[in-house]
Number of protein chains: 2
Amino acid sequence: MSTSTKQKILIVDDEPDILELIEYNLKKEGYQVYTARNGQEAVSEAKKVLPDLIVLDIMMPKMDGIEACRIMRTMPEFKNTFMVFLTARSEEYSEIAGFNVGADDYIAKPIKPRALVSRINAILRRNAPAEEVTDNKLEIGTLVIDREAYLVFQKGDKVVLAKKEFELLYLLASKPGKVYTREVILKNIWEDSVVVTNRTIDVHIRKLREKLGDDIVATVKGVGYKFEA
Amino acid sequence: MSTSTKQKILIVDDEPDILELIEYNLKKEGYQVYTARNGQEAVSEAKKVLPDLIVLDIMMPKMDGIEACRIMRTMPEFKNTFMVFLTARSEEYSEIAGFNVGADDYIAKPIKPRALVSRINAILRRNAPAEEVTDNKLEIGTLVIDREAYLVFQKGDKVVLAKKEFELLYLLASKPGKVYTREVILKNIWEDSVVVTNRTIDVHIRKLREKLGDDIVATVKGVGYKFEA
DNA sequence: CAAATAGTTAATACAAAGTTAACAAATTGT
DNA sequence: ACAATTTGTTAACTTTGTATTAACTATTTG
């Protein structure tokens with residue numbers, strides 16, 4: 001995370017398993033995670049912690065998520081706090097919408113950790129301070145690609161790449177494992193007007209492999225190239 | 001320069017002026033733009049590029065937009081692709097709706113650049129959070145098919161498939177249990193112009209069974225093949 | 001049991017990617 | 001402004017892997 005203060009998330013659910021699952025995944029993502037087991041706990045914990053985002057289960061003993069949300073929405077300190085609901089049935093969403101309770105999103109159960117995490121990332125990024133918009137450094141394993149400095153380090157050693165080589169590497173490395181077709185590569189790295197031979201890409205790939213090792217870029221015949229992690 | 005997260009739009013129209021007009025305006029908006037001049041080109045370009053959204057003119061030589069759309073809608077890789085039609089007369093909309101072809105929106109000619117851009121922005125934004133969650137990964141039992149990486153895992157073990165094998169598997173697996181006739185398979189995996197022997201499909205099926213086990217694909221004699229779960 | 005349909009095998013054709021060197025086009029230093 | 005150097009592109013050729021086919025066998029089904 002580029003900001004100094006970790007973003008705080010409060011998770012509220014009465015099932016310990018779910019609580020733990022979500023906590024684990026969000027911590028791994030670098031968030032500061034707090035938990036509560038019902039609506040009452042949620043409100044008092046939220047007042048102490050002032051989280052950036054609250055994940056609320058709907059069905060809970062003592063006080064349900066909707067009620068907790070409604071209470072917090074009346075408090076000025078939560079004006080900018082995101083509220084996300086967990087719903088077991090998709091119909092429950094209409095309840096939330098109907099209660100018009102101030103939900104920012106809802107996530108369907110059963111929970112898929114990756115989907116949950118990227119959803120929460122999206123919500124918090126949407127609101128993130130302007131300074132962290134561009135993180136121009138890619139770090140993949142032993143490789144560091146610094147787009148600002150146009151520099152590549154491999155195991156700490158500087159590797160000098162020409163512009164086209166660098167951009168090709170950066171494109172492929174921006175999504176390791178994803179296969180990029182020649183068409184997509186051309187569109188990304190060359191100006192529209194320029195038309196280049198198919199062989200041109202091969203040559204640049206070859207130079208990359210020469211400088212970084214053969215196993216950095218893999219060929220998928222008939223499809224394209226991909227960065228290998 | 002462009003980050004790989006740029007959304008891709010394919011524009012299909014036979015009039016170069018319109019193509020250029022739309023291209024110019026969408027590029028200005030930060031989209032990655034591809035073009036095609038008829039339905040045939042559209043399908044083959046779309047297969048290579050995998051766009052997020054396709055703008056299709058209805059009236060075109062060789063293959064019209066509706067036909068192109070219908071073909072692409074049968075292909076699993078376009079399940080999450082938006083299709084937007086350009087219509088000269090408002091009545092044409094009824095045709096699209098009538099054909100029930102899977103259109104997400106339509107835009108009336110003559111084209112007003114600002115309206116077009118904001119319409120497309122709206123469609124793609126609407127889907128933005130969901131898109132992050134959806135990756136092109138099929139998981140069926142012990143089998144994982146990753147279309148982005150062109151990789152297949154079986155019980156965690158990587159299985160390397162050639163392009164045609166992969167696409168055949170992906171097609172069948174996109175709807176487990178559904179029988180795909182030879183005709184449909186041909187339409188999906190081979191270019192229109194190419195004509196291949198009936199045995200060719202068998203050979204690819206055989207290779208799949210060799211690599212993944214005999215029980216992965218079942219033959220329905222006289223009809224076609226299906227993926228077995 | 002005989003058509004029709006599908007499976008198998010290996011040889012061949014083909015297209016895609018790798019390679020190299022030479023040339024062109026930018027950059028850079030003086 | 002010029003030469004030197006680096007970077008980008010191409011052509012021509014080689015290599016590789018994949019796709020396709022033919023010829024034959026096996027299986028199903030009416």
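Excluded from the calculations below are hydrogen atoms, water molecules and symmetry mates; all remaining heavy atoms, backbone and side chain alike, are included. Lettering follows sequence order; numbering is per chain, from 1.
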Do B/Tyr170 and B/Asn188 meet the criterion of a side-chain donor-acceptor pair at a distance under 3.5 Å?
-> no
Any side-chain heavy-atom pair of B/Ile205 and B/Val203 under 4.5 Å = no
Upstream residue (5' side of DNA chain D) when A/Ile201 and A/Lys211 are each assigned their closest nucleotide | A/Lys211
May I have the distance from A/Asn198 (atom CG) to D/dT10 (atom C1'), rounded to whole angstrom?
-> 12 Å
Are A/Lys158 and A/Asp146 within salt-bridge range, i.e. N to O under 4.0 Å?
-> no
Polar pair under 3.5 Å, donor/acceptor by atom type, side chain B/Lys221, base D/dT27 = yes
Would you mind reading off the distance between A/Arg206 atom CZ and D/dG8 atom C1', rounded to a whole angstrom?
-> 14 Å
Salt-bridge present (B/Glu210, B/Arg206; N to O < 4.0 Å) | yes
Separation of A/Tyr225 atom OH from D/dG17 atom P, in whole Å?
-> 14 Å
According to a strict under-4.0 Å criterion, is A/Thr197 in side-chain N/O contact with OP1 or OP2 of D/dT9?
-> no
Nearest-Å distance for atom pair CD1/P, residues A/Ile205 and D/dT9 = 13 Å
Can you tell me how far P of D/dT7 sits from CD1 of A/Ile189, to the nearest Å?
-> 16 Å
Atom-to-atom span, CZ of B/Arg199 to C1' of D/dC24 - whole angstrom | 12 Å
Earliest and latest nucleotide of DNA chain C, 5' to 3', sitting under 4.0 Å from a non-hydrogen atom of chain B?
-> C/dT5 to C/dT9
Which is true for B/Thr219 with a 4.0 Å heavy-atom rule: it touches a base, it touches only sugar-phosphate, or it touches nothing?
-> sugar-phosphate
Contact under 4.0 Å: A/His204 side-chain N or O vs D/dT9 OP1/OP2 | yes
For residues A/Arg209 and A/Thr219, is any side-chain donor paired with an opposing acceptor at under 3.5 Å?
-> yes
Given atom CG of A/Asp202 and atom P of D/dT14, what is their separation to the nearest angstrom?
-> 17 Å
Atom CD of A/Glu165 to atom P of D/dT6: distance rounded to whole Å?
-> 13 Å
Tell me yes or no: between the side chains of B/Gln40 and B/Asp192, is some donor less than 3.5 Å from an acceptor?
-> no
Step by step, work out the ring-ring contact (aromatic ring centres under 6.0 Å, His included) result for A/Tyr180 and A/Tyr225.
-> CA-CA 5 Å; A/Tyr180 287 83; A/Tyr225 295 98; over 10 Å; no
Between D/dA19, D/dT20, D/dT9, which nucleotide gets closest to the side-chain atoms of A/Val196?
-> D/dT9
